[in-house]
Amino acid sequence: MRLAEEVVLLLLNEQSGYLEQVAGWNLSCVLAGSVLADLALELRIDTDLESLWLVNSAPLDDDILDAALAAIVADDKRRPTQYWVEKIAENADEMLEQVFNRLQARGILEHSDGGYWSFARKSTAADGQAAENESRATVRQRILDTVLGDDIPDPRDAIIIGLVHSCDAFRFLLETESFVSVGERIEMLTKLDLIGQSVAAAVATTSIRRPVAKATKPVPGVNLRKMLLAPESRLGNSARALARLYHDNGPVFSLKNPLTGKGLIVLAGNDVNIWVNRSARLNLSSKGFIADMETLFGAVRSLTGMDGAEHFRMRKAQRLASNTTRYSERLDEMYTDIRAVLRTWQEGGEYCAMDACSKLMFSQVSKMIGSVDLSDLMPDYMDYKNRAMLTHVEKVLPKFMLKTPRMKAIRRRIDNIYETLKNSHTPAQRQDYPRDAIDDLLSLHESDPQFFPETDIKAGMVFALLPTLYQVNSITFALYSMLSNPDLYRRVRAEAEALFGGEKDPSHEAFSKEAIDVTHRLLLESSRMYPIVPVLLRDVVNSFTMSGYEIPAGTRVIVATTATHYLEENYPDPLEFDIDRYLPGREEHKKPGAYAAFGLGTHICPGQKMVLYQLAVTLLMIAHYFDLEMTPTDYRLEMKFFPVSTPAKSFRFRVKSRQAALGTVGNAA
């Protein structure tokens with residue numbers, strides 16, 4: 001392994017899912033120092049305490065090292081080592097991403113949604129040797145044994161010790177008493193190797209002398225009324241409206257309220273999205289905007305309001321709930337629920353798409369999450385959740401609007417959701433039933449009632465149903481995308497007939513990437529054009545600079561994650577519905593920062609694979625059984641974008657004919 005890889009493994013904290021909280025610039029310098037040290041060990045450069053010079057310009061077939069070597073070769077001056085530490089550290093974010101990807105490819109680390117990393121429990125290295133030989137545990141044990149023992153380390157370990165010491169990271173790796181007792185030995189070990197000594201000295205000096213940020217520019221202001229009156233906003237497409245504002249004003253601008261004169265900072269563009277994935281965990285928090293919502297349900301914390309290590313831990317506790325394996329175990333049940341709703345669609349009948357899709361999703365999703373059919377309560381839940389978002393999160397309505405007689409009555413019915421879920425999840429009731437998300441929450445409470453106390457169980461259960469509401473909107477948008485593109489409708493139907501045309505229902509394995517290629521790409525494109533959550537609302541907890549603009553701590557920002565969905569530089573003809581964007585050779589959604597339909601950063605949707613899986617099954621069954629058309633046939637989609645993107649109820653469809661008999665569910669093949 002390269003030194004940068006060993007340093008990352010040494011600093012990885014599995015409790016937080018990321019590196020120890022070393023100061024950002026210090027870590028950048030350590031990565032740069034590790035690259036220079038590797039170049040020295042490979043006899044490409046040499047150093048003394050004063051300067052660094054080129055010895056051999058031959059590349060090493062290593063992307064990280066060769067990039068640094070090329071920069072040194074291109075410079076004809078003999079410069080101080082500190083200069084090159086600073087120069088290479090400018091690319092630390094990219095280097096760190098490369099290092100993580102290498103360790104994942106070698107089976108040493110596992111990556112989970114949200115940018116979290118952990119040590120791979122069961123893996124094998126490429127050469128057949130156990131990956132544990134290169135594991136974080138081995139690296140950490142080797143270095144700490146050296147620091148705490150009496151032996152003289154080999155040159156590589158001396159370099160690593162010097163690098164880690166230069167960013168003051170041993171205080172995270174050692175108990176306090178041990179750290180104090182070995183301070184002198186650490187200082188001594190860092191001086192054993194001339195290469196490590198010169199690099200570590202440069203890193204330590206540079207870390208203290210972090211380059212001063214340039215003076216920032218005033219943030220351009222945009223009248224909020226102008227945005228609300230824009231054609232895109234009137235159609236309810238906030239992602240498209242924000243893309244226009246990004247083009248006109250750049251990546252940072254302020255939406256100013258004409259009545260108060262106050263503004264809300266908006267961050268948009270590919271670079272912003274890349275930054276959110278890499279660095280927002282250190283600067284942004286979700287707790288502030290969701291706190292009122294948590295209090296509304298009597299909770300101290302929720303997954304949405306957690307940040308850092310506790311958010312990572314909660315995601316791990318719930319990760320099985322969003323795994324497609326659980327859905328595959330209950331595929332027959334899904335088929336039954338979908339068919340039960342589809343039987344109510346009569347030939348010649350005309351239906352509001354939102355209402356029809358709500359009925360389609362409410363039963364199947366609530367059963368998958370909580371093993372109980374809550375379809376009769378879910379419409380109230382949707383109304384209350386939307387009103388609560390407007391009053392307690394986005395705060396565009398006064399809070400008393402959640403205390404009207406109608407909302408109070410709905411709240412009482414919503415409380416029945418919690419009672420129903422609680423009463424149906426006793427040990428006796430759950431015997432012989434597949435495990436679900438509510439089981440996971442209750443197990444977490446039982447195993448650690450301090451981390452997940454009783455006060456949070458109610459909100460945890462109620463919030464667990466939020467995906468149901470997003471699924472309703474997603475399948476409605478997907479249905480519009482299919483009906484408004486007749487050729488795609490035919491192609492989806494062909495995939496559906498291949499899957500559902502036999503004597504038995506398809507198994508989970510039948511829904512392979514090849515078998516549902518058109519359907520899957522249709523869903524990706526529908527999510528691009530009609531993202532359910534077009535923006536993120538966050539509080540700035542640590543100041544940062546974005547594209548030359550200073551964003552101070554205490555600022556509330558809108559991260560316009562999906563504005564990139566409508567940028568010509570990402571998606572040529574972005575208003576065109578084109579599923580070929582996702583074909584090999586194009587794959588426009590893979591351009592860094594270009595696709596954010598499921599969120600970004602540490603709070604990215606943990607169940608996106610499950611969402612796409614369930615949407616695909618549902619859409620394929622609709623296409624298999626019915627020939628539908630929009631009414632009117634040239635209907636142009638309208639949306640609402642508060643509190644989330646929702647298709648308007650003006651979207652209606654008519655059942656032209658039934659294509660196949662809706663019999664009883666057959667056993668999955």
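Keep in mind it's a predicted model, so treat the numbers as computed, not measured.
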Sole candidate of Leu537, Val272, Val535 that passes side-chain contact (heavy atoms from CB on, under 4.5 Å) when paired with Val559: Val272

Backbone of [Y] reached by a side-chain donor or acceptor of [X] within 3.5 Å:
{"X": "Ser363", "Y": "Leu360", "value": "no"}
{"X": "Asn273", "Y": "Ala596", "value": "no"}
{"X": "Tyr571", "Y": "Ala594", "value": "yes"}
{"X": "Arg528", "Y": "Pro574", "value": "yes"}
{"X": "Glu232", "Y": "Ala239", "value": "no"}
{"X": "Asn485", "Y": "Asp487", "value": "no"}
{"X": "Asn283", "Y": "Asn542", "value": "yes"}
{"X": "Ser527", "Y": "Leu523", "value": "yes"}
{"X": "Thr545", "Y": "Glu550", "value": "no"}
{"X": "Glu495", "Y": "Asp517", "value": "yes"}

Whether Tyr595 and His565 hold their rings parallel, tilted or perpendicular, with breakpoints at 30° and 60°: parallel

In chain order, what residues pass the side-chain contact (heavy atoms from CB on, under 4.5 Å) check against [X], with sequence neighbours excluded?
{"X": "Asp93", "result": "Arg278, Ser279"}
{"X": "Asn277", "result": "Leu600"}
{"X": "Asp383", "result": "Arg406, Ile410"}
{"X": "Leu282", "result": "Gln21"}

Between atom [atom1] of [X] and atom [atom2] of [Y], what is the distance when rounded to the nearest 0.5 Å?
{"X": "Phe511", "Y": "Leu612", "atom1": "CZ", "atom2": "CG", "value": "13.5 Å"}
{"X": "Ser285", "Y": "Ile290", "atom1": "OG", "atom2": "CD1", "value": "11.0 Å"}
{"X": "Ile338", "Y": "Leu619", "atom1": "CD1", "atom2": "CG", "value": "10.5 Å"}
{"X": "Tyr635", "Y": "Tyr480", "atom1": "OH", "atom2": "OH", "value": "7.5 Å"}

For [X], what residues pass the ring-ring contact (aromatic ring centres under 6.0 Å, His included) criterion, not counting sequence neighbours?
{"X": "Tyr381", "result": "none"}
{"X": "Tyr566", "result": "none"}
{"X": "His111", "result": "Trp117"}
{"X": "Tyr530", "result": "Phe477"}

Under a 4.5 Å cut-off applied to non-hydrogen side-chain atoms, are [X] and [Y] in contact?
{"X": "Ile558", "Y": "Leu267", "answer": "no"}
{"X": "Leu465", "Y": "Ile369", "answer": "yes"}
{"X": "Arg556", "Y": "Asp539", "answer": "yes"}

Report yes or no: do [X] and [Y] form a side-chain donor-acceptor pair below 3.5 Å?
{"X": "Gln614", "Y": "Gln364", "result": "yes"}
{"X": "Glu294", "Y": "Ser302", "result": "yes"}
{"X": "Thr564", "Y": "Asn570", "result": "no"}
{"X": "His603", "Y": "Ser286", "result": "yes"}
{"X": "Tyr582", "Y": "Glu525", "result": "yes"}
{"X": "Thr646", "Y": "Asn473", "result": "yes"}

Cation over ring face, Arg339 and Tyr335, 6.0 Å, 45°: yes

Within 45° cone of Tyr116 ring axis and under 6.0 Å: Arg281 NZ or CZ: yes

Derivation and outcome, salt bridge (Lys or Arg N to Asp or Glu O under 4.0 Å), residues Asp578 and Arg521: CA-CA 9 Å; Asp578 180 7; Arg521 287 189 283 126; over 6 Å; no

Derivation of the ring pair (Phe, Tyr, Trp, His ring centres under 6.0 Å) call for Trp345 and Tyr625: CA-CA 10 Å; Trp345 295 10; Tyr625 288 113; over 10 Å; no

Intermediate values then yes/no, side chain to side chain contact (heavy atoms under 4.5 Å, CB included), Leu469 and Val472: CA-CA 5 Å; Leu469 310 184; Val472 169; 5.7 Å; no

Audit row: Asp436, Lys367, salt bridge (Lys or Arg N to Asp or Glu O under 4.0 Å) steps and yes/no: CA-CA 9 Å; Asp436 61 29; Lys367 282 184 179 180; over 6 Å; no

Checking [X] now: which residues fulfil side chain to side chain donor-acceptor pair (under 3.5 Å) with it, not counting sequence neighbours?
{"X": "Arg658", "value": "none"}
{"X": "Thr476", "value": "none"}
{"X": "Tyr18", "value": "none"}

Should the heavy atoms of other residues, nucleotides or ligands under 6.0 Å from [atom1] of [X] be counted, would the total exceed 12?
{"X": "Lys640", "atom1": "NZ", "result": "no"}
{"X": "Lys591", "atom1": "NZ", "result": "yes"}
{"X": "Lys359", "atom1": "NZ", "result": "no"}

Aromatic centroids of His508 and Tyr613 separated by under 6.0 Å: yes

Pairs flagged by salt bridge (charged side-chain N to carboxylate O under 4.0 Å, His left out) wherever residues 610-637 is involved - sequence neighbours left out: Arg493-Asp627, Asp627-Lys656, Glu629-Arg654

Chi angles and distances behind the side chain to side chain contact (heavy atoms under 4.5 Å, CB included) call for Gln98, Phe100: CA-CA 6 Å; Gln98 288 175 285; Phe100 272 128; over 6 Å; no

